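If you're wondering where the values come from, they're calculated on a predicted model, not measured in any experiment.
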Amino acid sequence: LDMRRAIFVGHSMGSAVAMQVALTAPTRVAALVLVGSASRLRVNPALMALAASPETYLQAIERIVAWSFGRQAPPRLVELARKRMAETPQAVLLRDLQACDQFDISGRLGEIEAPALPAAEPEQQRHQDRGLPEHTQRMGTRPMGECCTKTMRRGNPSLATISSDS
């Protein structure tokens, strides 16, 4: 890409990629928009165990899809996500989840100079009501003001979306 600076938008693993770029190439990052993000991306241990076995891999996909969509999501979209996730080889999904689980920049958040907007995930309360594990992390990335507390769950890792701010 022939861009000098960009705004990085990422969800889950994509937000980890965006924050890592902000740490390693700060002059290239105009701003960050982080969804389903935290300074440490812990993966639900039960989900990790399901993804680790070829026999239970499809159960992991079902759990990811269930946690990734709200009640109002169009069924066709949910089914498409399920189908696309099932196309991902078990070993690839496991490595992606392990990469998320190992991501931890909590000691380096103060080094990120780009303004960051942490976006809330819809229907967070729905997951809390079901008693699903959640992880609260502190975001200190100077998000157009002060740091904030972000509640997050493991969901479907996504790639960062990049747009030019030229």
Side-chain angles (χ1 to χ4, degrees), residues 1 3 6-22 29-103 114-137 139 141 143-144 148-165:
L1 297 173
M3 289 188 253
I7 297 171
F8 287 75
V9 180
H11 172 258
S12 191
M13 181 185 273
S15 68
V17 171
M19 288 187 283
Q20 192 62 48
V21 172
V29 179
L32 299 169
V33 178
L34 308 170
V35 181
S37 183
S39 60
R40 184 168 185 207
L41 298 178
R42 300 294 301 173
V43 174
N44 178 299
L47 177 62
M48 188 76 78
L50 289 172
S53 169
E55 290 77 28
T56 57
Y57 158 72
L58 292 178
Q59 292 174 36
I61 289 174
E62 288 301 318
R63 187 167 292 185
I64 290 168
V65 171
W67 290 352
S68 296
F69 292 96
R71 294 181 185 143
Q72 301 299 323
R76 186 172 166 196
L77 178 62
V78 175
E79 186 53 40
L80 178 61
R82 182 179 289 111
K83 180 181 175 187
R84 296 285 191 226
M85 288 285 306
E87 292 171 359
T88 305
Q90 179 263 334
V92 172
L93 176 64
L94 179 60
R95 285 193 303 269
D96 286 351
L97 293 175
Q98 289 170 335
C100 280
D101 198 56
Q102 293 170 7
F103 178 78
L117 175 64
E121 292 184 32
E123 294 196 28
Q124 288 179 345
Q125 189 61 44
R126 177 175 67 96
H127 294 289
Q128 292 172 358
D129 292 344
R130 287 187 183 176
L132 299 177
E134 61 182 84
H135 304 279
T136 302
Q137 299 292 335
M139 298 285 296
T141 57
M144 293 144 188
C148 66
T149 301
K150 174 77 175 98
T151 302
M152 65 167 295
R153 262 158 307 315
R154 296 291 37 90
N156 183 9
S158 300
L159 297 176
T161 302
I162 305 169
S163 64
S164 172
D165 72 336

For S12, does its backbone N or O pair with a side-chain atom of S15 as donor and acceptor, under 3.5 Å? yes

What I want to find out is whether R82 reaches E79 closely enough, with some N-O distance under 4.0 Å, to be called a salt bridge. yes

Are side-chain heavy atoms of L41 and Q102 found at a separation under 4.5 Å? no

So how far is it from Q59 CD to L47 CG, rounded to the nearest 0.5 Å? 11.0 Å

Value rounded to 0.5 Å, distance of CD in E62 from CE in M85: 10.0 Å

Kindly indicate, with the supporting measurements, whether the criterion side-chain contact (heavy atoms from CB on, under 4.5 Å) is fulfilled by L93 and Q90. CA-CA 5 Å; L93 176 64; Q90 179 263 334; 5.9 Å; no

Please name the pair of heavy atoms, one in A18 and one in L32, separated by the smallest distance, quoted to 0.1 Å. O-CD2, 3.6 Å

Give the minimum heavy-atom separation between A60 and L50, together with the two atoms involved. CB-CB, 3.7 Å

Nearest atoms (heavy-atom pairs only) where V78 meets A73: CG2-CB, 3.8 Å

Measuring from atom CD1 of I61 to atom CD of E87, what distance do you get when rounded to the nearest 0.5 angstrom? 10.0 Å

With rounding to the nearest 0.5 angstrom, report the CG to CG distance, D101 to D96. 12.5 Å

Mind listing the closest non-hydrogen atom pair of V35 and A119 along with its distance? CG2-CB, 3.7 Å

Reported CG-to-CG distance for the pair N44 and L97, which is rounded to 0.5 angstrom: 10.0 Å

Kindly compute the distance separating CE (M13) from CZ (F103), expressed to the nearest 0.5 Å. 10.0 Å

